[in-house]
Amino acid sequence: FVAVLIFWTINARPAATVDEKDKLIIHLPPVRPPNIALPESDRRAGGGGGGGRGMILPATFGERDPFLNQDPLIAPTTRPQLKPPVLPTQEWLLGDPTHNVTRDALLPTGIPDGVTGPPSDGLGSGGGIGTGKKGGIGPGDGPGFGPGEKGGQGGKEFGPGGNNRRTRVVDQVDSKPILLNRPRPNYTEEARNEKLQGTVRAQVLVGEDGRVERVRVIRGLSAGLTEEAIQAASQMRFRPATKDGRPVAHWVTLEIEFNLR
């Protein structure tokens, strides 16, 4: 046993480290802005959501789905898929990706304060998990998480400063948004193991205050890279576009390249 232990110690793999060669390049128009003190974001997790499928048993314990800055395509569920779909679709909740936390891969999808037992989506309605409605997780009303409504978590509405107001978008502007910072997205361990490279192409709606209000993915990548690109895009800050001397909301197309070179 001692000989085996010594042999294992000598041949054990070192802890995984980030290779300096792993570089992530954000392709955007080159700008050299002056030193500007960026205001701290007032984006908070407003809103919330809930759901359920009218089941007899209460919703079961598990991890919530991650937040994305776009409306979900399908509602989350605790029930395992007996037959894999022809076109697999990822589950997510409407909310700020910067509020995502590392998920325990061993835990099923569910509600953090749920009960232990057979998979159940809960007493609510409209899809989702919990006692609420409209396809989220929790007791709220919307595609978000927790009490509240209209996405996000734990307040009245999801959006900058908790306000879900509709933004008037201007297509023809006098000056386009100028990037002021370059947040670096993470390279997931899964993507590194698969040696996955490529480019996430997306459109971001830059609001009148220079913050990113929405992210639309045009072309994504697997292994969690699309989600990392969305999170980085949500953290970008711009000098807003202008029209007739006033700041206006405007869509900007960007590419985030994941490269192992």
How close do [X] and [Y] get, heavy atom to heavy atom, and via which atoms?
X      : Y      : result
Pro247 : Pro240 : CB-CG, 3.9 Å
Gln197 : Leu221 : O-CD2, 4.3 Å
Pro76  : Ile137 : CG-CG1, 3.7 Å
Ala59  : Ile111 : CB-CG2, 3.7 Å
Leu179 : Arg182 : CD2-CG, 3.7 Å
Trp251 : Val169 : CD1-CG1, 3.6 Å

Euclidean distance, [Y] [atom2] relative to [X] [atom1], rounded to 0.5 Å:
X      : Y      : atom1 : atom2 : answer
Arg219 : Thr226 : CZ    : OG1   : 10.5 Å
Ile218 : Thr253 : CD1   : OG1   : 5.0 Å
Arg239 : Ile178 : CZ    : CD1   : 5.0 Å
Arg53  : Asp121 : CZ    : CG    : 4.5 Å
Gln231 : Phe67  : CD    : CZ    : 12.0 Å
Glu190 : Leu225 : CD    : CG    : 8.5 Å

Next item on the list: Check the surroundings of atom NZ in Lys243: do more than 12 heavy atoms from other residues, nucleotides or ligands lie under 6.0 Å from it?
Entry: yes
Check: Other hydrophobic cluster members with Ile56, side-chain heavy atoms of Ile/Leu/Val/Met/Phe/Trp/Tyr under 4.5 Å, chained?
Finding: none
Notebook entry, point to check: Hey, what else clusters with Leu107 if you join Ile, Leu, Val, Met, Phe, Trp, Tyr whenever side-chain heavy atoms sit under 4.5 Å?
Noted result: Phe61
Decide yes or no for [X] and [Y]: does some side-chain heavy atom of the first lie under 4.5 Å from some side-chain heavy atom of the second?
X      : Y      : result
Leu68  : Leu94  : no
Glu213 : Val206 : no
Leu196 : Ser222 : yes
Glu189 : Asn193 : yes
Pro177 : His250 : yes
Ile256 : Thr199 : no
Glu91  : Thr77  : yes
Pro183 : Asn181 : yes

Connected via hydrophobic side-chain network under 4.5 Å: [X] and [Y]:
X      : Y      : answer
Leu73  : Val200 : yes
Ile129 : Met55  : no
Tyr187 : Val217 : yes

Checklist line | Residues Asp244, Arg246: salt bridge by 4.0 Å N-O rule | finding: no
Next item on the list: Any chance you could lay out the side-chain contact (heavy atoms from CB on, under 4.5 Å) test for Met236 and Val204, step after step, and finish with the verdict?
Entry: CA-CA 10 Å; Met236 291 180 180; Val204 297; 5.7 Å; no
Note to self: The criterion is side chain to side chain donor-acceptor pair (under 3.5 Å); which residues satisfy it with Thr109, sequence neighbours excluded?
What the structure shows: Arg103
Next item on the list: Evaluate the criterion side chain to side chain donor-acceptor pair (under 3.5 Å) for residue pair Thr60 and Ser120; output intermediate values, then yes/no.
Entry: CA-CA 6 Å; Thr60 47; Ser120 171; 5.9 Å; no
Check: Can any side-chain N or O of Asn186 pair as donor or acceptor with the backbone N or O of Thr188 at less than 3.5 Å?
Finding: no
